[in-house]
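Below is one structure, written out as structure tokens, with a few remarks after it.
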Amino acid sequence: MPPGTVRTRIAPAPSGSIHVGNARTALYNWLLARRHGGVFVLRVEDTDQSRVTQDAFDAVIEDLRWLGLSWDEGPGVGGDYGPYRQSERSDRYRAVTAALEDANHLYRCYCTAGELAQRRASAHAARRTPGYDGRCRNLTDSERAAFESEGRSHALRFRTPEGRTIAFDDVVRGPIATRTDQIPDFVVQRSDGSPTYMLAAAVDDVAMEITHIVRGEDLVAATPRQLLIREAMGVTDPPVFAHLPLLVAPDGKPLSKRWGDVAVSAYRRMGFLPEAVVNYLALLGWSFDEKTNIFSVDELVAKFTLERVTRNPAIFDVPKLEWLNGHYIRLLSPQALAERLVPVCVDAGLPADSDEGRRLLAAVAPLLNERLKRLEEAPPMVRFLFGRVPPDAKAAKLLEGQGAYLEEVAGALGHAEEWTAGTIEETLRRVAAERDLKPKQAFQPIRAAVTGTLVSPPLFESLEILGRAETLARLSSL
Ligand code: GLU
């Protein structure tokens, strides 16, 4: 690897589909790596085996692939710094904790969960600062032996040095300094021998030579601790840190399921295009200038810098995402839109996955693309092309007593010289004029009879695509 290579990482704990905030973090790391010709690493934080299932792991992979955030090193790809699943790196963490314990940076803590909870409660009651009280920090050999003989297991805690200030420059938030008396001795290895996040992430960031740690603001308090671990490991060169602003709901509260969908997979299912989601995520905390909202992936790669990430919380605003989605839908060629609609239509029970299905979708695509904000809005609009649709309640009401009129329309259309939107329109307007009908009165019953609904793409073009024989059959069978 050439010196100076930018190495970034996304380190999801696989617990199902990625939260949009983590997707934003992944995107920024990916953009940074791509912009600098660097390496984007996927590291899976699956040390808490009890919570990790294969499905949850697969969901993470699927989301990242769908977003197009390809990783250069990681599961399924390999790389020189693997393995990339923390569950497969236990020996490395053990080696580090053994060395740090030898050097007196760690100590054994025999306190049980119950004891800790009790002392936390009394500290709380006495309004003392929360955090570990240092009970085991200076045990004598005989005290330790006594605990061991009781059969107690031990965790390993970091011996936070006294009287120091740990400082770093955050690209987004500026200089941050933390006095070590604000950092209680923290656990790096649980009593079952597993490493905590604090340790595993620090060890891996060093081992994987990560140059830029870009992550959510919720982790800003982890940074001084991880700098202490690095220092104890003898690593003094800090990486670049950037802590990204929180995502909030439109009411300013943290994004949560109570507010709406927070998982990337939900947006995929609702028919958002990955290019729209990527564009939107990029804008959540980053801007190029005041005006520009639309960025292709290539433009983002060319323009993205951490220096333009803002500190203010970013509002996750679905209408803006929909607006962008509409934009990207309109950019698709009819063929490309048809391809994207195939799975959505199949999910909605339409036999779209065939040559004929694709042909119909490509034919109707130019009529849809101005109207769609989400792909999932398409199936009800195109259903009529795949077979007769029984009229819905509104359509049925409108059709009452229209049999004779529709027969007349069918007769006129049967005589149209050719079957194009233009001749269809001419014919229908002529019949309407003869009967002295306003356009809406004249056309809505035809729409209802042919499509079963009152919301469908423009009528004349729809009939052209459906074909003369089928149109006449539907008009004449009321
Ligand atoms: N696993 C952490 C998360 O998903 C990431 C930790 C980090 O980036 O250091 O929030």
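Computed from a predicted model, the values in this text were never measured in an experiment. All ligand and atom numbering here is 1-based and tracks the order in the structure.
- Using a non-hydrogen distance threshold of 4.0 Å, Q226 does not register as a contact of ligand 1.
- For atom 9 (O) of ligand 1, the closest heavy atom belonging to the protein is Y197 OH, 2.6 Å.
- The protein atom (non-hydrogen) at minimum distance from atom 4 (O) of ligand 1 is A11 O, 3.6 Å.
- Using bins of under 30°, 30° to 60° and over 60° for the plane-to-plane angle, the ring pair H36/H212 lands in the parallel bin.
- A salt bridge links R179 to D181: at least one charged side-chain nitrogen sits closer than 4.0 Å to a carboxylate oxygen.
- Among residues at least two apart or in separate chains, ring pair (Phe, Tyr, Trp, His ring centres under 6.0 Å) pairs with a member in residues 161-200 are F158-F186, F168-F241.
- Between F272 and Y328, the ring center distance fails the sub-6.0 Å criterion.
- Short contacts between ligand 1 and R215, defined as distances under 4.0 Å to a heavy atom of the residue, involve ligand atoms 7 (C), 8 (O), 9 (O).
- Side-chain contact between L228 and M198: absent, with no pair of heavy atoms (C-beta onward) separated by less than 4.5 Å.
- Proximity of L106 to Q189: side-chain heavy atoms (C-beta onward) are nowhere separated by under 4.5 Å.
- If you look at L219 next to ligand 1, the close heavy atoms, those under 4.0 Å, all belong to the side chain.
- Inclusion of P12 in the set of residues having an N or O under 3.5 Å from an N or O of ligand 1 is not warranted.
- Of all the atoms in ligand 1, the ones that sit under 4.0 Å from a non-hydrogen atom of R9 are 7 (C), 8 (O), 9 (O).
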